[in-house]
Novice: 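This structure is in structure tokens; I'll ask about it shortly.
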Amino acid sequence: MIQQIDYFAIAPPLALALVAGLVLLLDAFLPARPRTKPVLGLVTLAGVLIALAFVVAQAIRGGPPQSTFCVPADLAGPTRMCSFVADGFTLVFAGMVLVAAVVVVLMSMTELAAGGIPVGEWYFLLLCTLVGAVTLPASRDLIMLVVALELVSLPVFALTAMKRYDGRASEAAVKLFVVSVVSTAVMLFGVSLLYGVAGTVYLSRLAAVFSGQVPAPGLAETTALTTAQSLPAVVSVGVVLVVAGFAFKIAAVPFHSWAADVYQGAPVPVAALLSVISKAAGFAGLILVLVAGLSGQVGTWAPVVGIIAALTMTAGNLLAMRQRSAVRLLAWSSVAQSGYILAPLAVAARGITPRLAGGTGAFPAGTGVAAVGTSMAYLVIYAAMNLGAFAVVLLVSRTATRNELDDYRGLAFRRPAAGLALAFCLVCLAGLPPGLAGLFAKVFVFREIVEGGSGWLALIMAVNTVIGLYYYTVWTARLFTPPTAPVLARHRPTPTTWLAIGLALAVAVLFSIAPQLVLDMTALSAFG
């Protein structure tokens with residue numbers, strides 16, 4: 001039987017891949033002139049916008065989720081098995097990644113204008129990362145998930161080390177490489193154990209096997225109703241290893257120690273990419289594996305996720321309080337935010353019941369949908385705030401090589417637009433008015449945790465929210481404090497810098513005006 005490919009379903013990653021090839025060709029054949037850099041940047045930006053247009057078109061089209069690379073119905077049995085599904089979950093994550101990519105490309109154009117970094121290779125690697133980030137939320141089998149996740153990770157090593165003869169960048173690239181290799185090995189070990197028991201790599205089939213609705217191949221002597229209780233302990237080991245592998249990717253405790261050094265050593269656009277796009281891809285894969293594939297083992301992974309969330313938000317906030325470097329503070333803040341995003345998944349067990357053949361969505365039905373939607377909403381809001389902060393940090397880094405918090409004294413007076421934009425993003429991350437988006441994001445998570453019966457986790461989150469207020473308000477106060485030392489020569493920002501700041505700030509303001517719309521959008525789309 002000939003495999004029918006739905007090219008409209010795979011149009012966003014396909015467009016990015018084609019533009020990546022085009023960038024390489026242009027870099028090879030265009031003359032080495034000053035105008036070549038902005039041309040390659042504009043081509044990259046156009047490719048991202050084209051992919052975003054395809055995502056919007058798929059969302060407007062409506063109807064049942066589009067799927068391709070599927071097992072024929074006569075071979076799949078009662079469970080539909082597809083490798084690529086473009087449902088609501090996919091579109092929300094892909095849209096967020098591509099909007100964030102627009103800001104990262106604009107920041108990259110500013111970073112590359114100074115010279116010293118190969119432009120063609122930079123944009124090619126960036127586009128390859130975006131191909132993986134857009135493909136990952138659509139992946140519905142373990143093989144495609146791992147390949148997409150590695151496609152997100154591998155180009156970032158080279159992007160981090162693009163600053164030649166920079167010792168910190170080289171050190172950051174090596175640390176990121178080692179951490180990523182270890183996390184991939186751990187994850188693959190867990191995936192192999194799950195595949196060995198279930199005999200399949202498709203998430204829908206895994207959910208059916210591990211929930212006891214379909215007997216496991218290795219346990220053929222049992223009935224479907226008793227399979228869930230008859231699964232060997234190796235399944236629990238596989239689940240824990242998969243969670244540990246993704247914990248590396250999202251910088252969750254105890255696999256978080258690499259974050260600050262890598263963020264500080266990498267170019268600022270790469271730090272922003274790691275903080276938003278790479279983290280979003282990691283969370284998309286984690287949600288897919290846990291909720292779509294391992295819903296039958298929720299009793300194993302839900303407590304583990306809850307403990308990791310509590311440790312992550314606590315460690316991130318405590319370490320952020322000690323920082324004097326702006327990038328390192330944002331790095332540890334990003335770790336703490338990962339804990340907040342993980343927290344609702346700890347109560348996703350409420351009402352999870354796997355959905356088999358006949359359902360259009362790829363995820364379980366039940367009240368777990370609200371938990372996943374809450375995590376998605378928090379991630380979307382966090383992405384906008386963090387991108388705005390990194391855009392202003394890039395602007396300040398042009399004149400302050402150390403980029404410490406003291407370099408931001410009086411920024412609101414020297415550059416009112418940049419200072420006010422950074423202040424707004426920081427108060428949003430802290431959850432203070434007028435940054436209502438950040439406030440409501442924390443309220444959404446807190447409400448979901450309390451309704452899920454995890455009072456201890458809600459208490460830890462409340463304490464950590466107060467801790468987070470300290471370092472966000474300290475940084476914000478510096479913006480409006482007159483500088484104690486003479487101000488260095490002013491640097492004229494490029495238009496792309498202001499575009500990046502303006503776009504991130506516009507999204508942040510929009511979310512602050514209508515935060516409930518974000519929750520409604522993500523909750524309705526969480527499971528296609």
Side-chain angles (χ1 to χ4, degrees), residues 99-100 102-111 113-114 267-269 271-272 275-276 320 323-330 333-334 381-439 441 468-515:
V99 172
V102 173
V103 178
V104 172
V105 171
L106 293 173
M107 294 171 63
S108 299
M109 295 172 74
T110 300
E111 182 76 18
V268 176
S275 177
V276 176
Q323 304 306 315
R324 294 297 177 263
S325 167
V327 177
R328 293 182 71 89
L329 188 150
L330 286 176
S333 164
S334 178
I381 293 173
Y382 153 81
M385 315 310 171
N386 232 41
L387 282 173
F390 270 108
V392 179
V393 167
L394 176 64
L395 173 63
V396 175
S397 68
R398 301 292 92 187
T399 55
T401 55
R402 295 179 62 87
N403 209 342
E404 295 185 344
L405 297 185
D406 288 336
D407 296 324
Y408 292 80
R409 286 185 180 272
L411 182 64
F413 304 111
R414 304 196 308 269
R415 296 193 183 279
L420 293 176
L422 179 58
F424 183 79
C425 291
L426 291 176
V427 298
C428 280
L429 289 170
L432 295 173
L436 296 180
L439 173 62
L469 292 176
Y470 168 75
Y471 57 84
Y472 286 128
T473 52
V474 166
W475 191 358
T476 305
R478 277 179 166 81
L479 302 176
F480 300 94
T481 303
T484 56
V487 180
L488 298 176
R490 291 170 62 92
H491 168 75
R492 183 181 296 276
T494 61
T496 54
T497 304
W498 290 119
L499 282 175
I501 296 174
L503 178 59
L505 184 62
V507 176
V509 171
L510 175 63
F511 289 167
S512 294
I513 295 174

Novice: Between Pro269 and Val104, what is the shortest heavy-atom contact and its length?
Specialist: O-CG1, 4.0 Å

Novice: For Ala100 and Val276, work out which heavy atoms get closest and say how close.
Specialist: CB-CG1, 3.8 Å

Novice: As a quick check of understanding, evaluate side-chain contact (heavy atoms from CB on, under 4.5 Å) for Leu420 and Phe424, giving each step before the final call.
Specialist: CA-CA 6 Å; Leu420 293 176; Phe424 183 79; over 6 Å; no

Novice: Determine the minimum heavy-atom distance between Ala441 and Ile381, stating which atoms define it.
Specialist: CB-CD1, 3.9 Å

Novice: Can you give each donor-acceptor pair under 3.5 Å made by side-chain atoms of residues 385-396, sequence neighbours left out, with the distance rounded to 0.1 Å?
Specialist:
residue: Asn386; atom: ND2; partner: Ser275; partner atom: OG; Å: 2.3
residue: Asn386; atom: ND2; partner: Tyr382; partner atom: OH; Å: 3.1

Novice: Under the rule for side chain to side chain donor-acceptor pair (under 3.5 Å), what residues qualify as partners of Asp407, not counting sequence neighbours?
Specialist: none

Novice: Can you name the side chain to side chain donor-acceptor pair (under 3.5 Å) partners of Tyr472, sequence neighbours left out?
Specialist: Ser333, Gln337

Novice: Quick one, Met107 and Thr497 - any side-chain contact, counting heavy atoms below 4.5 Å?
Specialist: no

Novice: CH2 of Trp498 to OG1 of Thr110: how many Å apart, nearest 0.5 Å?
Specialist: 11.0 Å

Novice: How long is the span from the CZ atom in Arg478 to the CD atom in Glu404, to the nearest 0.5 Å?
Specialist: 9.5 Å

Novice: Once ring-ring contact (aromatic ring centres under 6.0 Å, His included) is applied, do any residues pair with Tyr408, and if so which ones, sequence neighbours excluded?
Specialist: Trp475

Novice: Residues two or more places apart in sequence or in another chain: which of them pass side chain to side chain donor-acceptor pair (under 3.5 Å) with Arg328?
Specialist: Asp261, Gln264, Gln323

Novice: Any heavy-atom pair between the side chains of Asp406 and Arg324 that's under 4.5 Å?
Specialist: no

Novice: Strictly distance-based, threshold 3.5 Å: is any side-chain N or O of Ser334 a donor or acceptor partner for the main-chain N or O of Leu330?
Specialist: no

Novice: Please output the side-chain donor-acceptor pairs of residues 499-510 that fall under 3.5 Å, not counting sequence neighbours, one pair per line with the distance.
Specialist:
none

Novice: Identify all side-chain donor-acceptor contacts of residues 425-437 below 3.5 Å with residues at least two apart in sequence or on another chain.
Specialist:
none

Novice: Got a sec, which residues hit side chain to side chain donor-acceptor pair (under 3.5 Å) with Thr476, two or more places apart in sequence or on another chain?
Specialist: none

